[in-house]
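Report on one structure; see the data block that follows.
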2 protein chains.
Amino acid sequence: MNIQQLRIMRETVRQDFNLTDASTALHTSQSGASKHIRDLEGELGVDLFERKGKRLLGLTGEGRMLISLIERIVLDVENLKRSAMQLTHEEEGQLSIATTHTQARYALPPVVSQFKAAFPKVHLELHQCGPEEIVSLLKAGKVDIGVATEGLANETRNFACFRFYEWHHSVIVPEGHPLADGQPLTLERIAEFPLITYHKGFTGRSRLNQVFEDAGITPDFVLTALDADVIKTYVELNLGVGLIASMAYHEARDRGLVLLPAAHLFPKNTSYIALRRGYFLRSYIYKFLNICREDLTEQTIRGLMSREDA
Amino acid sequence: MNIQQLRIMRETVRQDFNLTDASTALHTSQSGASKHIRDLEGELGVDLFERKGKRLLGLTGEGRMLISLIERIVLDVENLKRSAMQLTHEEEGQLSIATTHTQARYALPPVVSQFKAAFPKVHLELHQCGPEEIVSLLKAGKVDIGVATEGLANETRNFACFRFYEWHHSVIVPEGHPLADGQPLTLERIAEFPLITYHKGFTGRSRLNQVFEDAGITPDFVLTALDADVIKTYVELNLGVGLIASMAYHEARDRGLVLLPAAHLFPKNTSYIALRRGYFLRSYIYKFLNICREDLTEQTIRGLMSREDA
DNA sequence: AAAGCTTACGAGAGCCGTAACCATA
DNA sequence: TATGGTTACGGCTCTCGTAAGCTTT
């Protein structure tokens with residue numbers, strides 16, 4: 001038995017039992033992969049794959065029993081290499097973060113600049129995309145960290161999720177707008193106007209819908225966007241009333257617009273930081289989390305990683 | 001990197017950093033082992049061993065960080081092989097049990113005969129020895145199961161310990177002995193006679209001492225033995241009063257001797273079954289535990305193995 | 001036909017063990 | 001001097017990739 005055999009075994013499962021894809025993914029020949037699998041089956045004395053003629057269709061019952069151990073071994077071997085790398089190049093490396101516009105623009109800048117000061121040699125990569133893509137990038141191991149409000153918290157089997165910060169939606173209107181008359185804000189008054197807010201699945205949008213539905217109100221969302229900057233642009237054009245995350249409003253920068261707090265109308269939202277479970281973490285990743293939330297140290301993170309939520 | 005390198009690494013640590021011993025333990029050449037270690041260090045880019053000239057003295061700090069991962073990988077690889085073996089030869093194999101005389105003679109016989117009926121092809125090996133040796137045999141992996149009253153329960157880091165059954169000490173005397181006069185048994189009355197019981201460290205002996213000490217009584221242990229059969233022999237010779245585990249008394253077999261219950265004088269004892277943590281368990285091992293305690297199924301055992309006590 | 005797995009085979013890398021060498025107690 | 005680790009080296013196995021063959025869709 002050798003590690004390559006296990007790697008090929010794992011990759012073949014991941015590539016939906018397509019040996020050709022598996023071998024290209026591992027930069028090796030397909031014939032070699034074929035032989036490796038047969039050798040492994042021979043040594044273990046067990047058929048791992050269900051075959052129809054020459055095609056691989058899936059795992060046998062025995063294969064399913066053994067694959068989890070194999071996965072763990074391969075993962076551990078990778079982690080061993082990473083750990084060793086980490087020990088020699090403590091300060092160098094890459095940190096890839098997948099995140100939404102909202103986080104990248106309003107929540108992460110102070111974190112990133114502090115992090116860059118602490119680890120100048122680490123190459124930072126911000127991957128801006130939607131919540132589903134964050135999840136798949138994380139799962140595929142293409143990024144180290146995911147940051148978003150949506151989509152992460154219900155993936156605690158694969159990810160360890162840490163609370164980042166909490167925030168509320170606010171209403172944003174042009175100066176002199178009827179809603180800015182000082183009278184208390186209600187859902188009914190807001191819904192009298194055309195609304196502009198985030199796309200479905202972005203930045204707490206699901207909760208907004210829920211609130212209106214619970215109140216029996218059907219608002220008119222005339223325009224939805226991926227980010228608050230676009231929303232603000234159309235609010236300035238007087239196309240409607242904006243509903244944005246309050247940290248997206250900047251008094252000096254957003255002259256001509258007025259922010260009306262709406263914490264009493266909409267429930268609070270929580271943004272999460274997610275890491276894959278089971279993978280080795282470079283020391284600077286711990287540092288990054290530590291900057292995000294001071295109470296997260298390497299020790300506490302390690303502890304929370306192995307359990308459920310945080 | 002390959003598995004042999006990791007195996008050699010692990011074995012070298014286990015053999016107290018003696019490469020020669022490590023390589024003989026793995027049935028390979030010492031020169032090869034030397035090379036493997038240097039290759040591994042080269043590939044990982046880290047010195048794993050502290051050296052003084054050419055001697056290996058211990059692990060470096062980096063080595064200490066990595067050794068636990070290496071241990072786990074090697075263990076998983078072994079478990080993978082065992083699991084596969086298990087899947088093909090479900091019913092065959094060996095089951096080694098280390099246990100004391102008391103368990104082997106009085107508690108295990110019904111379990112063993114039931115087990116043999118269920119798995120006739122499994123070769124059973126009973127290793128009779130003292131509690132400390134049970135612990136070391138288990139640790140070394142020379143036996144699969146340890147059964148004893150003493151020594152196991154405070155090793156929960158290395159072993160998963162399951163309660164087997166509970167029992168009490170009893171007093172045993174020849175027929176017509178003054179203690180068998182029907183009057184209630186007290187510590188004071190017992191201590192008037194010379195006592196015969198188990199060696200230190202065997203079958204609840206420590207608790208006996210504690211009870212007398214707490215009562216401010218200094219009994220006269222004239223003779224100690226490893227097992228109840230020896231004790232009974234000397235009680236028959238009227239050399240003293242016996243203190244034995246009550247399950248060691250058999251009315252028909254032990255004619256001429258009288259058992260006086262002493263559950264009110266001595267605290268209850270618990271016998272434990274111990275398994276090593278982290279190792280793959282053949283299906284018949286689950287069956288063995290299941291016979292010992294009906295509520296232990298493969299599922300419950302798996303669950304309890306990963307946690308602390310049971 | 002096209003996609004996909006297996007078999008055959010030759011080149012080359014890597015592993016192993018013997019033996020000689022070197023360093024430490 | 002004995003124990004223990006390293007270096008050198010030849011044999012040999014094992015791995016890898018190309019190419020051809022065979023099966024299934």
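Every heavy atom of this structure was used, including side-chain atoms; hydrogens, water molecules and symmetry mates were not. Order of the sequence lines sets the chain letters (A, B, ...), proteins ahead of strands, with each chain counted from 1.
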Select from B:D21 and B:G32 the residue whose nearest nucleotide in DNA chain D is closer to the 5' end of that strand.
B:D21
Taking N and O atoms by type only, does the side chain of B:S31 place a donor or acceptor under 3.5 Å from a partner on the base of C:dT18?
yes
Protein-nucleotide distance (A:L26, atom CG; D:dG17, atom P), rounded to Å:
11 Å
Counting only side-chain N and O atoms of A:H36, is one of them less than 4.0 Å from OP1 or OP2 of D:dC16?
yes
Do B:E50 and B:R64 sit within salt-bridge range, that is, some charged N less than 4.0 Å from a carboxylate O?
no
When you check the phosphate oxygens OP1 and OP2 of C:dG4, does a side-chain N or O of A:N18 lie under 4.0 Å from one of them?
yes
Specify the separation, in whole Å, of atom NZ of B:K54 and atom P of D:dA2.
19 Å
Taking for A:K35 and for B:Q5 the nucleotide of DNA chain C with the nearest heavy atom, the one nearer the 5' end belongs to A:K35
Between the side chain of B:D16 and the main-chain N/O of B:N18, is any donor-acceptor distance below 3.5 Å?
no
Please determine whether the number of non-hydrogen atoms from other residues, nucleotides or ligands lying under 6.0 Å from atom CE of A:M65 exceeds 12.
no
Does B:R38 get its side chain close enough to the base of D:dT6, under 3.5 Å, for a donor-acceptor pair?
no
Would you say C:dA23 has OP1 or OP2 under 4.0 Å from some side-chain N or O of B:R51?
no
Would you say A:N2 reaches D:dC14's phosphate, i.e. side-chain N/O to OP1/OP2 under 4.0 Å?
no
Do A:R276's NZ or CZ and the ring of A:Y279 fall within the cation-pi criteria of under 6.0 Å and 45°?
yes
Distance-only donor-acceptor test, B:R55 side-chain atoms vs C:dA25 base atoms, 3.5 Å
no
Integer-rounded Å distance: C:dG4 P and A:L57 CG
13 Å
How many Å lie between CD on A:E43 and C1' on D:dC14, as a whole number?
13 Å
Report the distance from atom NZ of B:K52 to atom C1' of C:dC22, rounded to the nearest whole Å.
17 Å
Between A:R7 (CZ) and D:dT15 (P), how many Å, whole number?
13 Å
Sugar-phosphate only, base, or nothing, as touched by B:F17 at under 4.0 Å among non-hydrogen atoms:
sugar-phosphate
I'd like to know if the side chain of B:D144 reaches the main chain of B:S96, judged simply by a donor and an acceptor atom lying under 3.5 Å from each other, with no hydrogens or angles considered.
yes
Interatomic distance where CD belongs to A:Q30 and P belongs to D:dC22 [whole Å]
16 Å
Counting side-chain heavy atoms from CB outward, which of D:dG4, D:dG17, C:dT18 is closest to A:T28?
D:dG17
Considering only C:dC15, C:dC5, D:dT6, which nucleotide approaches the side chain of B:D39 most closely?
C:dC15
Interatomic distance where CD belongs to B:Q4 and C1' belongs to C:dG17 [whole Å]
13 Å
